[in-house]
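Each chain gets a letter, A, B and so on, in the order the sequences are listed, and its residues count up from 1.
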There are 2 protein chains.
Amino acid sequence: MDQWWINGAPGRSLDISDRGLAFGDGLFETIAVRGHQPRFLELHLARLLDGSARLRLPPVDAVALERDLRQRAASITDGVLKLIVTRGPGPRGYALPPRPVPTVAIGLESRAAEPWRPIRARWCETIAGRSPATAGLKTLGRLEQVLARAEWSDDSAEEGLMVGEDGYLVGGTASNVFLVMRGELVTPAITAAGIRGIMRRVIMREALAAELPVVESRVARGDVADAAEIFVSNALTGIRPVAALGAQAWAVGPVTRQLAARLAKAGVGECAGSC
Amino acid sequence: MDQWWINGAPGRSLDISDRGLAFGDGLFETIAVRGHQPRFLELHLARLLDGSARLRLPPVDAVALERDLRQRAASITDGVLKLIVTRGPGPRGYALPPRPVPTVAIGLESRAAEPWRPIRARWCETIAGRSPATAGLKTLGRLEQVLARAEWSDDSAEEGLMVGEDGYLVGGTASNVFLVMRGELVTPAITAAGIRGIMRRVIMREALAAELPVVESRVARGDVADAAEIFVSNALTGIRPVAALGAQAWAVGPVTRQLAARLAKAGVGECAGSC
């Protein structure tokens, strides 16, 4: 990131005793900035507050946080806001500090939005674990995604898909996955693994508005080959069709195009290239 | 901690872009200091290097690290060394930085060793998840333990026991668990959940030396009540007998006493009070 603010003050220095570092005791959000505005900010803040409640993090001033995020975003045209909220510094040991003071860090990076493009994906060997206590949340503990993404370093693929021990699809290393199967839009249910992505939520909303049946269910790795269409989603890129996965190839299908067109109208300009 | 050194220099300031904070992309060790010496340092360093290899962390200078840890420990009589090793600062995103420079943080705290004492334990509702990719390692992602330890804040219990989704025992929030069942020493196998504790390893070594059968296996929560003895282990406290778990009570048994006596001779002075 080009700039950071920690608890409101410009700087890059975190207290080494912060529980975000010690235990992954916190959450983060990665928010697209488009036209000086943080995109889907209300949804990001709602997920953060929901997660904070689930983790019993000390309360943050949501009004001030929203104001700060809008103010930071205003200084760039397009880019990324990264928000980290932790339980703050604390003594050694897992027990909650008696009076925790949260750490709120905001990072800002100017970067052009990436254009619409189909991608190549691959299967990862790193297993996506199960954590019912934290599933759905964007916690600071993302080591499995790091290990999965480290499985390749060339440009042979833009995303890797992860399955659980049971062989069922969980998601991409940095994305949610959608499939079109038997006329329905199918995405893995997030019960014990995976992140409830903001773009995932927007896509499901748009699909429902388009009267397209949406199913959250279990998808076996072996069934992915049967999908008529497949795409991944991420807050920074919107929809990206999967053009190839292993030896299999897909053309960009009509459902993907329909949803991308709707997203483009809903503010995800990256998807405009699909039309 | 009373003092910190980051990459060799005294200080408390971590770069906010450190991947240890961003993704839990690192490991830690908590090492007891007894009589100015870091206890079982070789075992801690071996676990750290094994974990670093599994996570493909950039290499640390193990000789310099051991020297530093011994030097820091020498300045206090009894206490705790905390060692954190991360993949270092990096740009946004899970992909490994091309030339990562690890962050090595050492914390030091002076504190008297805690005396031998039986403890009360409780069952935690927070489920211990499964992560085959990181199981056994003391990674920086410990949010489940934080949530489990947050289930109580009074002094009704000193430790909480966690089970997986399958109802099988994983361990304590900050300890491994041992049971004496049918004349054998039983501890949960660490395949997809739990940490391979250093004290766990020392206890297993001592049990084998005492010709006590040691079994790593699955232990259903419901079978714990059948244990003749039960104790927890931790690098900072050695063995602690569980005197009560829910409504059930145990006296300190002969196997626990035998192992505690062996540990006391092996340098775990906290266990001397068992005799």
In short, Pro132(A) meets Gly129(B) closest at the heavy-atom pair CD-CA, 4.5 Å
Quick check on the interface: out of Pro89(B), Ser131(B), Ser17(B), who has the most heavy-atom pairs with chain A under 4.5 Å?
Ser131(B)
Could you grab the distance from atom CZ of Arg92(A) to atom CD of Glu109(B), nearest 0.5 Å is fine?
6.0 Å
Indicate the atoms forming the closest heavy-atom contact of Thr173(A) with Tyr94(B), along with that distance.
O-CE1, 3.0 Å
Relative to chain B, which segment of Arg142(A) carries a heavy atom at a distance below 4.5 Å: side chain, backbone, both, or neither?
both
Locate the shortest heavy-atom distance separating Ala22(A) from Phe28(B); write the atom from each residue and the value.
O-CE2, 4.2 Å
Under 4.5 Å from a heavy atom of chain B, the part of Leu147(A) involved
side chain
Choice from Ala95(A), Gly26(A), Gly11(A) maximising heavy atom contacts with chain B below 4.5 Å:
Ala95(A)
Check each atom of Ala193(A) against the heavy atoms of chain B and say whether the ones under 4.5 Å are side chain, backbone, both or neither.
neither
Can you tell me how far apart CG (Asp25(B)) and CG (Leu21(A)) are? Round to the nearest 0.5 Å.
11.0 Å
With a 4.5 angstrom heavy-atom cut-off, which part of Thr103(B) approaches chain A: side chain, backbone, both or neither?
neither
Counting heavy-atom pairs under 4.5 Å with chain A, which one of Ala135(B), Pro98(B), Gly24(B) comes out on top?
Gly24(B)
Hey, which of Ser153(B), Ala150(B), Ala174(B), Ala192(B) has the most heavy atom pairs under 4.5 Å with chain A?
Ala150(B)
Which region of Ile84(A), side chain (C-beta onward) or backbone (N, CA, C, O), has a non-hydrogen atom less than 4.5 Å from a non-hydrogen atom of chain B, or is it both or neither?
side chain
Less than 4.5 Å to any heavy atom of chain A: does that hold for the side chain of Thr30(B), its backbone, both, or neither?
side chain
Let me know if Arg56(A) has heavy atoms under 4.5 Å from chain B in its side chain, its backbone, both or neither.
side chain
Applying a strict 4.5 Å limit to non-hydrogen atoms, the region of Glu165(B) in contact with chain A is side chain
Contact origin within Leu55(A) toward chain B - heavy atom pairs under 4.5 Å
both
Could you grab the distance from atom CD1 of Ile16(B) to atom CZ of Arg12(A), nearest 0.5 Å is fine?
8.5 Å
Distance (rounded to the nearest 0.5 Å) between Leu14(A) CG and Leu14(B) CG:
5.5 Å
Need one label for Ala105(A): side chain, backbone, both or neither, based on atoms under 4.5 Å from any heavy atom in chain B.
side chain
Hey, could you give me the CG/CZ distance between Leu140(B) and Arg19(A), rounded to the nearest 0.5 Å?
13.0 Å
Quick one: pull up CD in Glu144(B) and OG1 in Thr139(A) and give me the separation to the nearest 0.5 Å.
9.5 Å
Where on Leu96(B) is there a heavy atom nearer than 4.5 Å to chain A: the side chain, the backbone, both, or neither?
side chain
Just wondering, are more than 12 heavy atoms of other shown residues or ligands nearer than 6.0 Å to CD in Glu125(A)?
no
Pairs of heavy atoms under 4.5 Å with chain A: top-ranked of Thr126(B), Asp15(B), Ile127(B):
Asp15(B)
